[in-house]
Asker: 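Mind having a look at this structure? Questions to follow.
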2 protein chains.
Amino acid sequence: MKYSIDHKSPIPLHIQAEELLRKLISQDEYQNGRLLPNEVELAKLLAISRTTLRQAINKLVYEGLLVRKKRAGTKVNQSTVSSKSNNWLSFSQEMKLRGINIKNFELHVTWVFPDETLANFFEIKTDKKVLKMERVRGRNDGPFVYFISYFHPRIGLTGDEDFKRPLYELLEQDYSTIASLSKEEISAHAADALIAEKLQIKVNEPVLFRKRFVFDQGERPIEYNLGYYKADSFVYTVESRR
Amino acid sequence: MKYSIDHKSPIPLHIQAEELLRKLISQDEYQNGRLLPNEVELAKLLAISRTTLRQAINKLVYEGLLVRKKRAGTKVNQSTVSSKSNNWLSFSQEMKLRGINIKNFELHVTWVFPDETLANFFEIKTDKKVLKMERVRGRNDGPFVYFISYFHPRIGLTGDEDFKRPLYELLEQDYSTIASLSKEEISAHAADALIAEKLQIKVNEPVLFRKRFVFDQGERPIEYNLGYYKADSFVYTVESRR
DNA sequence: TTTGTTTATATGTTTGTACATTATAAACCA
DNA sequence: TGGTTTATAATGTACAAACATATAAACAAA
């Protein structure tokens with residue numbers, strides 16, 4: 001096993017430490033209930049200061065992956081993580097699982113300049129084009145979702161890919177880009193003219209709006225996804241435990 | 001205005017600082033898009049070290065209440081009300097955290113016979129009455145959520161409780177009932193006459209609908225909760241990792 | 001006007017140091 | 001044996017001091 005923290009890397013030490021801990025935990029180095037070495041020890045092992053190490057541990061504690069206890073040490077707590085990770089199927093896989101056959105109504109791919117928000121999320125300039133994918137999907141009885149996806153140039157997509165394949169499979173297998181973290185925001189809106197047309201509903205009818213920010217393992221942004229779901233055709237479920 | 005941090009208090013300084021910041025933000029000292037004083041300044045003002053202050057700020061940043069930007073400063077981000085899936089705070093606590101003062105517009109408590117669905121979830125007969133609580137809550141500028149809650153008879157609520165207290169605190173402290181698991185379903189709907197009236201919007205305007213099933217530690221059902229949120233005033237956020 | 005360069009100023013990173021708090025194991029005593 | 005005290009080993013809190021890095025704004029050059 002290698003405790004590889006590169007002091008000359010531009011990546012901050014506490015980020016490296018965080019990643020390393022995640023890796024160790026996921027690779028059964030420290031499985032479920034195990035204790036980590038104590039902070040002073042571990043800091044020495046990684047050749048970083050205790051403060052820096054704590055910065056890394058803190059983040060994992062906040063996420064619930066680690067649990068600290070005085071005198072007892074810091075424990076791995078993988079139980080909660082598993083319950084959250086069920087929403088990681090791609091859309092079509094998820095639908096198939098529910099016994100719904102998905103049809104692509106539209107599928108456009110273009111290169112566009114990012115707006116302020118997007119450039120900010122991708123951490124790029126607004127004059128650098130990004131790949132935009134639009135797609136309308138649904139069942140035989142009509143469309144029920146309108147997706148807009150933007151992909152980070154870093155990934156290397158050309159626009160000629162077969163987007164009918166499950167997206168995250170494509171990214172993983174052909175571009176070794178692994179979607180590892182997603183932050184989603186869900187809200188309700190009234191359909192504007194565009195959305196109404198795409199979903200074949202009336203203007204101002206309610207839609208469920210899902211904004212999704214997807215990151216790779218290094219927490220670098222890879223996809224920005226907007227989804228407009230026809231009301232009553234989509235339910236978002238969340239299960240949480242404390 | 002008082003920047004009151006008590007160095008002799010047993011409460012850690014960074015916790016005090018965190019609380020103080022929350023208070024300042026909620027009390028319009030630093031409203032919405034405002035910048036905080038810079039870290040060095042603020043640390044001097046509070047008479048704590050920059051490191052300690054950062055500890056406090058970091059927490060608020062993690063919650064999304066503050067946004068840092070190099071060179072620009074640290075900004076208050078109260079824009080949308082959001083709910084974190086992991087977070088087990090009650091509604092009003094969560095809102096207070098976001099610096100929003102919650103007002104109760106309506107609060108009714110009655111005993112009703114459960115319908116089929118509810119009886120099924122509670123695993124009781126339909127001739128056994130359950131406690132129903134309705135409440136409309138919002139800010140000064142109007143209501144933004146209409147809640148309906150049903151409580152399992154097992155808990156022992158009489159209906160005379162002080163429902164202005166945080167709900168889960170009440171259940172925990174007075175009825176030793178600990179909410180431990182929740183399953184939620186989120187969807188978009190058009191407001192019907194009742195919802196429209198409660199939220200002071202027009203019929204057919206979009207609302208975010210959240211259905212919540214709450215269980216205790218033994219996975220026994222304790223609460224069934226329906227929430228109708230005015231569109232654009234509520235964003236549900238989910239973070240998931242694989 | 002545009003483009004490049006500098007500079008001031010904010011947050012970001014990292015270390016070293018010191019002492020406080022607390023859960024628990026070990027030692028002690030009744 | 002069983003309870004109580006004490007020591008210890010872990011995390012928790014706090015500060016000071018550098019240096020790194022990003023960027024807005026001012027300025028200079030093309």
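Each chain gets a letter, A, B and so on, in the order the sequences are listed, and its residues count up from 1.
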Asker: Restricting to nitrogen or oxygen on both sides, can you table the protein-nucleotides 16-18 of chain C pairs closer than 3.5 Å?
Answerer:
none

Asker: OP1 or OP2 of C:dT15 versus the side-chain N and O atoms of A:T52: is any pair under 4.0 Å?
Answerer: yes
Asker: In whole angstrom, what separates A:H14's NE2 from C:dT15's P?
Answerer: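 Going from NE2 in A:H14 over to P in C:dT15 covers 11 Å.
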Asker: How many angstroms lie between CD1 in B:I155 and CG in B:L157, if you round to the nearest 0.5 Å?
Answerer: 5.5 Å
Asker: Between A:L13 (CG) and C:dT13 (P), how many Å, whole number?
Answerer: 10 Å
Asker: For A:E18 and C:dT13, give me the distance from atom CD to atom P, rounded to whole Å.
Answerer: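 Checked: the CD to P distance equals 11 Å.
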Asker: Think A:R68 has a side-chain N or O under 4.0 angstrom from the OP1 or OP2 of D:dG12?
Answerer: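 A:R68 to D:dG12 OP1/OP2: side-chain N or O found under 4.0 Å.
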Asker: What is the distance, rounded to the nearest whole Å, between atom CD of B:Q55 and atom C1' of C:dG12?
Answerer: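 It is 16 Å, rounded to the nearest whole Å.
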Asker: Drop me the distance from A:E223's CD to A:L167's CG, to the nearest 0.5 angstrom.
Answerer: 5.5 Å
Asker: Grab the CG-C1' distance between B:L53 and C:dG12 for me, whole Å please.
Answerer: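 One finds 14 Å between C1' of C:dG12 and CG of B:L53, rounded.
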Asker: Do you see a donor-acceptor pair shorter than 3.5 Å between the side chains of A:R68 and A:N58?
Answerer: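 Indeed, the side chains of A:R68 and A:N58 share at least one donor-acceptor pair under 3.5 Å.
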Asker: With rounding to the nearest 0.5 angstrom, report the CG to CG distance, B:L66 to B:L60.
Answerer: 5.0 Å
Asker: Taking the six-membered ring for Trp, are the ring centroids of A:F121 and A:F215 within less than 6.0 Å of each other?
Answerer: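 Yes, they do, as the ring centres are separated by less than 6.0 Å.
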Asker: Checking side-chain polar atoms at under 3.5 Å, does A:H108 have a donor or acceptor matched by the opposite partner on A:E106?
Answerer: yes
Asker: Does the ring centre of A:Y224 sit less than 6.0 Å away from the ring centre of A:F122?
Answerer: no
Asker: Between B:T74 and C:dT11, does any side-chain N or O lie under 4.0 Å from OP1 or OP2?
Answerer: yes
Asker: Taking atom P of C:dG12 as reference, at what distance in whole Å does atom CG of B:N38 sit?
Answerer: 12 Å
Asker: Kindly indicate, with the supporting measurements, whether the criterion side chain to side chain contact (heavy atoms under 4.5 Å, CB included) is fulfilled by A:F147 and A:N225.
Answerer: CA-CA 7 Å; A:F147 273 131; A:N225 177 262; 3.8 Å; yes
Asker: Can you tell me if B:R54 touches the phosphate of C:dT11, counting only side-chain N or O atoms and a distance under 4.0 Å to OP1 or OP2?
Answerer: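 The answer is no; no side-chain N or O of B:R54 sits under 4.0 Å from OP1 or OP2.
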Asker: Can you measure A:L42 atom CG to D:dA9 atom C1' for me and round it to whole angstrom units?
Answerer: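 Checked: the CG to C1' distance equals 16 Å.
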Asker: Between D:dG12 atom C1' and A:N58 atom CG, what is the distance in whole Å?
Answerer: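 Whole-Å distance recorded here is 10 Å.
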Asker: Is it the case that A:K132 places NZ or CZ above or below the six-membered ring of A:Y150, under 6.0 angstrom from the centre and within 45 degrees of the axis?
Answerer: no
Asker: Each nucleotide N or O in nucleotides 6-8 of chain D that has a protein N or O under 3.5 Å away: list the pair and distance.
Answerer:
{"from": "D:dT8", "atom 1": "O2", "to": "A:R71", "atom 2": "NH1", "distance (Å)": "3.1"}

